[in-house]
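Along the sequence shown, residues are numbered consecutively beginning with 1.
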Amino acid sequence: MRVRGFVAVGLALVVGAGAISGCTSSSGGVGPRGGGCVPRLTVVPATAHPGEIVTVSSKDVCRDRVPDAGWEVSVTQPIEGGRRVSVRSSDRFDGSWSVPITLPRDFPAGETAVGIDNWDYSFCDDTGSCAAVSGVLQVEAAPTPTP
């Protein structure tokens, strides 16, 4: 349980840093931002079960170039050797960006990190001031069927 609490606090700090980072928009996501924009992700529902679909989205408008293979969007257990599932999206962050991710039926319960794994952070300086393109998802154990 102590590790789980540590992971939850760590994820909250990452998400909170995104809200105050100099790399995020001070315009509240209204209007386009140039290269170096870091979109804020929303995960709906915030709690899901294995086998369900979650939608990762952003209302931010960013002019960052979409990689040739698309954005790699993942749900990952933030532990060494943790389970991971990912999808690709070739859509731009135009204020209505979203992508569905289906959790495998055997995906383990617990806190997960949701993010864009191939985001370009080359514009960030070495002070660690840039936020990660990430969100949080709680995966609960699948309900036990009743006879």
Side-chain angles (χ1 to χ4, degrees), residues 1-26 28-29 33 36-62 64-147:
M1 288 308 243
R2 186 175 194 169
V3 171
R4 185 175 182 185
F6 176 75
V7 169
V9 169
L11 289 171
L13 289 173
V14 168
V15 173
I20 61 174
S21 167
C23 292
T24 61
S25 170
S26 61
R33 298 182 287 173
C37 165
V38 179
R40 292 157 292 192
L41 299 182
T42 302
V43 183
V44 176
T47 301
H49 297 99
E52 293 182 341
I53 297 172
V54 297
T55 300
V56 181
S57 64
S58 178
K59 293 182 180 178
D60 289 328
V61 177
C62 295
D64 294 80
R65 185 185 70 78
V66 177
D68 292 339
W71 303 116
E72 184 174 8
V73 186
S74 68
V75 174
T76 308
Q77 288 181 296
I79 58 173
E80 187 174 336
R83 185 73 186 272
R84 178 179 178 275
V85 61
S86 67
V87 297
R88 296 272 181 175
S89 169
S90 296
D91 296 332
R92 295 185 150 274
F93 286 92
D94 63 358
S96 64
W97 182 89
S98 70
V99 63
I101 299 178
T102 302
L103 297 174
R105 291 197 181 283
D106 61 346
F107 200 89
E111 295 274 340
T112 66
V114 178
I116 298 180
D117 295 344
N118 59 342
W119 192 261
D120 178 12
Y121 292 100
S122 64
F123 62 88
C124 294
D125 60 24
D126 290 334
T127 65
S129 66
C130 283
V133 183
S134 64
V136 179
L137 170 67
Q138 176 68 38
V139 177
E140 292 184 346
T144 305
T146 55

Problem set entry | Donor-acceptor contact below 3.5 Å, side chain Thr112 vs main chain Leu137 |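 Pair found, side chain donor or acceptor close to backbone of Leu137.
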Exercise. So, Ser58 side chain and Arg40 main chain: donor-acceptor pair closer than 3.5 Å or not?
Worked result: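 Confirmed, Ser58 side chain pairs with Arg40 backbone.
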For this session: Can you sort out the partners of Thr47 under side chain to side chain contact (heavy atoms under 4.5 Å, CB included), two or more places apart, ordered by chain and number?
Result: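 Testing Thr47 for side chain to side chain contact (heavy atoms under 4.5 Å, CB included), a comparison that skips the adjacent residues, returns Gln138, Glu140.
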For this session: Kindly write out the residues that satisfy side chain to side chain contact (heavy atoms under 4.5 Å, CB included) with Thr42, not counting sequence neighbours, or none if the list is empty.
Result: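 Scan of Thr42 (side chain to side chain contact (heavy atoms under 4.5 Å, CB included), adjacent residues dropped) gives Val44, Ser57.
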Would you check if [X] and [Y] make a side-chain contact, meaning some heavy-atom pair closer than 4.5 Å?
X	Y	result
Val54	Pro45	yes
Ile116	Val73	yes
Val56	Trp97	yes

For this session: Look at the rings of Trp119 and Phe93 and say which category their plane angle falls in: under 30° parallel, 30 to 60° tilted, over 60° perpendicular.
Result: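 Perpendicular.
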Compile the donor-acceptor pairs under 3.5 Å between side chains in residues 101-110 and protein atoms, sequence neighbours left out, one pair per line.
residue : atom : partner : partner atom : Å
Asp106  : OD1  : Arg83   : NH1          : 3.1
Asp106  : OD1  : Arg83   : NH2          : 3.2

Problem set entry | Rounded distance [0.5 Å steps], OG in Ser96 versus CG in Asp60 |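 One gets 12.0 Å once the value is rounded to the nearest 0.5 Å.
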Problem set entry | Nearest-0.5 Å distance that lies between atom CG in Asn118 and atom OG in Ser86 |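 Answer for the CG-OG pair, Asn118 versus Ser86, is 9.5 Å.
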Problem set entry | Residues which pass salt bridge (Lys or Arg N to Asp or Glu O under 4.0 Å) with Arg84, listed by chain and number, not counting sequence neighbours |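 Once residues adjacent in sequence are excluded, the partners of Arg84 under the salt bridge (Lys or Arg N to Asp or Glu O under 4.0 Å) criterion are Glu72, Asp117.
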Problem set entry | Where Val99 and Arg88 come nearest, the two heavy atoms and their spacing |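 Result for this residue pair: CG2-O, 4.5 Å.
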Exercise. Do you know the tightest heavy-atom contact between Pro50 and Ala141?
Worked result: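 Heavy atoms only, the tightest pair is CD-C, 4.2 Å.
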